[in-house]
Amino acid sequence: MGKYSDNPAAVAALVQPHQVHKDTYIDAEIYQLEMRHLFSNTWVFVGHDSQTPTKGDYFTTQVGDQPVIMVRHSDNEIHVLYNRCPHKGTKIAIDRSGNTGKFFRCPYHAWSFKTNGCLLAIPLKKGYAQTEFNDSESAKGMQPVGAVHNHRGFVFARLAVEGISFEAFFGDSLSSLDNMVDRSPEGRLEVAGPPLRYMHQCNWKMLVDNQTDTCHPMVAHESSAGTAVKLFDAANWPEDKPKPVAMEIIAPFMSPYEFFEDMGIRTWPNGHGHTGVHHSIHSDYSAIPGYHDAMNETYGAEKAAEILGENRHNTVYFPNIMIKGPIQQLRNFIPMGPDKTLVESYIYRLVGAPDQLLARTAMYNRMINAPTSIVGHDDLEMYERAQEGLHSQGSDWINIQRLYEGEEDMSVEAVENGTTERQMRNQFDAWSRFMTMSMPNSEAAE
Amino acid sequence: MSITRDDIIDFIYAEARMLDEGRYSEWLDLWLEDGHYWMPLDYKQADPHLVTSLLYEDNFMLRLRVERLNGERTFSQKPKSRCHHVIQRPFVDEFDVEAGHFVTNTSMHYVETRLDEQFLLALTATHELKLVDGRLRIANKRVDLLNSDAAFGNIQLLP
Ligand code: FES
Ligand SMILES: [Fe+2]
């Protein structure tokens with residue numbers, strides 16, 4: 001035990017209104033406590049139900065550092081189980097996805113389990129006859145996580161058995177997810193292919209912070225977006241030739257500070273928030289033939305215009321995902337250690353919409369989020385330099401003070417200047433609450 | 001000019017050497033204007049449009065990529081990366097002199113390094129070449145990484 005375990009006051013002291021201590025990003029004990037508390041007490045994204053469309057389909061992933069299986073049971077419900085055999089601990093599923101039929105069977109001693117986790121059968125059962133096996137924990141089968149909620153296809157889990165409800169945790173922030181789904185003329189999304197997987201040698205919060213950091217694009221992305229603009233200007237592009245797609249996707253990253261100031265940031269309680277309240281880098285995409293008509297047909301012109309008028313840039317669902325409604329994309333920042341994060345970038349098809357929309361979504365993903373993407377290179381370089389720099393003894397604190405005016409109430413929704421760091425402060429407000437609430441002596445942190 | 005299998009094979013070797021030596025403008029000139037450099041994400045991926053790829057770049061994107069490598073503010077290239085291709089003799093899968101159309105299949109090991117890090121990728125490159133005005137050009141290039149579904153850090157140069 002070090003200085004932070006069972007010491008909620010010390011953990012809470014890492015977060016001040018205008019700055020946070022570097023230990024939140026680099027300390028191994030803090031990381032362990034995040035896994036035990038923060039990722040247990042909050043609702044964490046697991047997967048999309050279109051990844052397991054038929055009974056017996058499963059998908060393996062992590063909630064925090066916990067390996068889990070998302071599986072569709074015979075009653076069509078989605079269950080989320082710890083990926084651990086109740087016998088000796090063997091991981092039950094190793095493939096990233098598949099279909100297990102009516103039951104899971106452990107490859108070690110062939111205990112088998114229904115797809116809701118219940119123990120189905122054990123070979124040589126009579127060996128347990130005299131042992132009061134039925135009273136053991138193992139007899140219950142594969143353990144489910146504390147709670148599961150499917151919101152319009154997006155499956156979230158809370159590891160803790162007791163805790164905040166899904167509705168109370170997300171509240172009005174669900175409007176961003178809803179908008180992404182409503183953009184389908186059938187009100188439904190489907191995952192399109194496997195995610196891009198990109199390994200980052202930095203803390204998971206670096207990535208989450210960056211989603212609402214609106215003062216970096218024009219600086220860090222000058223090499224990609226800036227060069228795109230320069231190259232295009234120098235090309236004397238003929239009027240009648242279609243503009244390079246890079247100009248629609250990448251060039252807006254070079255928008256000036258004023259653009260980002262004006263676009264606004266909205267924060268919601270519990271660490272959620274989004275950039276792009278009034279407009280965003282997604283606002284000026286060209287129209288796709290047939291799409292507006294399909295939307296008008298479903299929703300009526302007024303409602304369709306309202307749905308498509310939302311161009312939220314990045315919505316952070318605390319703790320560790322970001323979605324982009326206008327381009328149907330979700331990024332999952334999966335913690336792998338204090339200095340290591342796996343990013344999985346998913347794209348979704350708007351069911352009932354023209355394929356051209358999905359083609360743009362796929363293009364965005366590979367141009368911005370791939371380990372081979374020049375835009376991604378710009379960002380990763382900064383995260384890794386920051387992670388290295390934080391280990392220096394030069395200073396203990398990270399500044400998140402931009403547009404801080406004193407005494408912020410994070411329990412209310414707010415809309416502010418788009419370059420504020422309020423959303424980062426909002427995340428840390430939630431961070432210290434969910435980190436400490438289940439620690440012994442948690443009153444001490446108040 | 002009468003083209004031989006050796007010419008095709010030499011071309012593939014010459015391209016790899018250009019990349020290793022950072023002769024990018026020369027490399028860009030190998031390409032036909034409407035060609036694509038494709039690096040699928042999925043093993044045996046058939047569609048570059050409706051699922052994600054690691055790369056599917058047209059001429060403008062390739063030029064942007066190259067231009068960026070030399071930029072003053074390209075922080076991820078300070079210091080610069082270097083790469084190294086070791087290639088096995090290409091198979092010439094299609095050899096149609098009449099149509100000026102050739103397809104090769106080449107196994108390679110690609111090494112990229114920057115600072116203290118170095119990584120290795122095993123890959124198969126499929127080149128579609130065309131003879132235009134007596135000169136071989138790349139019509140399309142597809143690179144299948146052996147571990148295309150693995151999580152990578154930055155891959156900054158061109159396998
Ligand atoms: S460890 Fe799973 S059946 Fe023994
Ligand atoms: Fe960025």
Side-chain angles (χ1 to χ4, degrees), chain A residues 96 192-201 219-228 230-232 234-235 237 243-247 250 329 334 336 342-347 349 355-356 358-367 369-374 376-382 384-385, chain B residues 28 33-34 36-43 45-79 81 110 112 114-117 119 121 143 145 147-159:
Chain A
R96 289 197 190 122
L196 279 162
R197 304 174 73 245
Y198 196 170
M199 197 62 85
H200 288 52
Q201 306 300 328
V219 184
H221 298 305
E222 190 183 328
S223 88
S224 48
T227 308
K230 249 176 35 201
L231 207 59
F232 181 73
W237 208 265
K243 254 190 171 189
V245 286
M247 290 306 294
I250 301 182
Q329 185 182 315
I334 302 174
M336 307 291 283
L342 170 62
V343 186
E344 293 195 330
S345 299
Y346 286 96
I347 55 168
R349 185 168 79 87
D355 274 352
Q356 247 180 295
L358 178 55
R360 177 157 68 199
T361 299
M363 180 187 302
Y364 190 98
N365 209 24
R366 67 175 182 258
M367 279 191 182
N369 299 323
T372 34
S373 144
I374 54 179
H377 296 165
D378 294 336
D379 285 320
L380 179 56
E381 176 71 14
M382 294 308 130
E384 294 188 345
R385 285 194 195 191
Chain B
L28 282 172
E33 183 71 27
D34 55 356
H36 281 88
Y37 185 127
W38 185 19
M39 198 188 293
L41 174 62
D42 215 7
Y43 187 64
Q45 184 173 327
D47 176 6
H49 299 291
L50 299 184
V51 287
T52 295
S53 299
L54 287 161
L55 277 182
Y56 184 67
E57 297 199 340
D58 60 11
N59 197 267
F60 184 84
M61 276 304 292
L62 290 177
R63 281 180 194 282
L64 167 54
R65 194 171 273 279
V66 163
E67 185 81 5
R68 174 183 172 277
L69 288 176
N70 300 319
E72 253 316 289
R73 303 238 171 95
T74 306
F75 304 112
S76 75
Q77 282 298 297
K78 286 177 185 298
S81 304
Y110 170 83
E112 188 176 301
R114 177 170 173 253
L115 292 163
D116 293 333
E117 301 294 327
F119 62 88
L121 300 172
V143 168
L145 302 183
N147 59 345
S148 57
D149 56 351
F152 299 108
N154 281 345
I155 302 174
Q156 299 211 50
L157 303 182
L158 289 155

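Quick note on labels: first sequence line is chain A, next is B, and so on, each numbered from 1.
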(request) Among the options A:Gly226, A:Ser345, A:Ala359, A:Ala192, pick out the one with the most heavy-atom pairs lying under 4.5 Å from chain B. (result) A:Ala359
(request) Against chain A, work out which of B:Pro48, B:Ser53, B:Gly71 has the most heavy-atom pairs shorter than 4.5 Å and name it. (result) B:Ser53
(request) Check each atom of A:Ile374 against the heavy atoms of chain B and say whether the ones under 4.5 Å are side chain, backbone, both or neither. (result) both
(request) Could you look at B:Pro159 and say if it's the side chain, the backbone, both or neither that has a heavy atom under 4.5 Å from chain A? (result) neither
(message) Between A:Tyr198 and B:Asn154, do the side chains contain a donor N or O and an acceptor N or O under 3.5 Å apart?
(response) yes
(request) Take B:Leu41 and A:Leu196 through the side-chain contact (heavy atoms from CB on, under 4.5 Å) test and state the conclusion after the steps. (result) CA-CA 7 Å; B:Leu41 174 62; A:Leu196 279 162; 4.0 Å; yes
(request) Determine the interplanar angle of the A:Phe232 and A:Trp237 rings, folded into 0 to 90°, and report it as parallel if under 30°, tilted if 30 to 60°, perpendicular if over 60°. (result) tilted
(message) Tell me if a side-chain donor or acceptor on B:Arg114 pairs with a main-chain N or O of B:Pro79 at a distance below 3.5 Å.
(response) yes
(request) Evaluate the side-chain proximity of B:Tyr110 to B:Leu145: yes if any heavy-atom separation is below 4.5 Å, no if none is. (result) no
(request) For each of A:Ile250, A:Ile347, A:Thr372, tally heavy-atom pairs with chain B at distances under 4.5 Å, and name the one with the top tally. (result) A:Thr372
(request) Counting only heavy atoms closer than 4.5 Å, note whether B:Asn59 contacts chain A via side chain, backbone, both or neither. (result) neither
(message) Side chains of B:Glu112 and B:Gln156 only: does a donor on one sit below 3.5 Å from an acceptor on the other?
(response) no
(message) Quick check for you: among B:Thr52, B:Val51, B:Thr74, which has the greatest number of heavy-atom pairs under 4.5 Å with chain A?
(response) B:Thr52
(request) Return the option, out of A:Glu344, A:Arg349, A:His221, A:Arg385, with the maximum number of heavy-atom pairs under 4.5 Å with chain B. (result) A:Arg385
(message) Need one label for A:Met382: side chain, backbone, both or neither, based on atoms under 4.5 Å from any heavy atom in chain B.
(response) side chain
(message) Which atoms of A:Arg360 are under 4.5 Å from chain B, going by heavy atoms: the side chain, the backbone, both sets, or neither?
(response) neither
(request) Please confirm whether the backbone N or O of A:Glu384 pairs with a side-chain atom of A:Gln201, one donor and one acceptor, at under 3.5 Å? (result) no
(request) Applying side-chain contact (heavy atoms from CB on, under 4.5 Å), name anything that partners B:Asp47, two or more places apart in sequence or on another chain. (result) B:His49, B:Leu50
(request) Heavy-atom distances under 4.5 Å only: say whether A:His377 touches chain B with side chain, backbone, both or neither. (result) both
(request) Could you look at A:Tyr346 and say if it's the side chain, the backbone, both or neither that has a heavy atom under 4.5 Å from chain B? (result) neither
(request) Considering only heavy atoms and a distance below 4.5 Å, find which of A:Ala362, A:Ala246, A:Pro371 pairs most often with chain B. (result) A:Pro371
(message) With a 6.0 Å cut-off (strictly less than), is the heavy-atom count around OH of B:Tyr43, excluding the residue itself, greater than 12?
(response) no
(request) Indicate whether the side chain of B:Arg68 and that of A:Ser224 have a donor and an acceptor atom separated by less than 3.5 Å. (result) no
(message) I'd like to verify something: which residue of A:Leu231, A:Val245, A:Val343 has the highest number of heavy-atom pairs under 4.5 Å with chain B?
(response) A:Leu231
(message) Shorter than 4.5 Å, heavy atoms on both sides: which option in B:Arg73, B:Met39, B:Glu57 has the most such pairs with chain A?
(response) B:Arg73
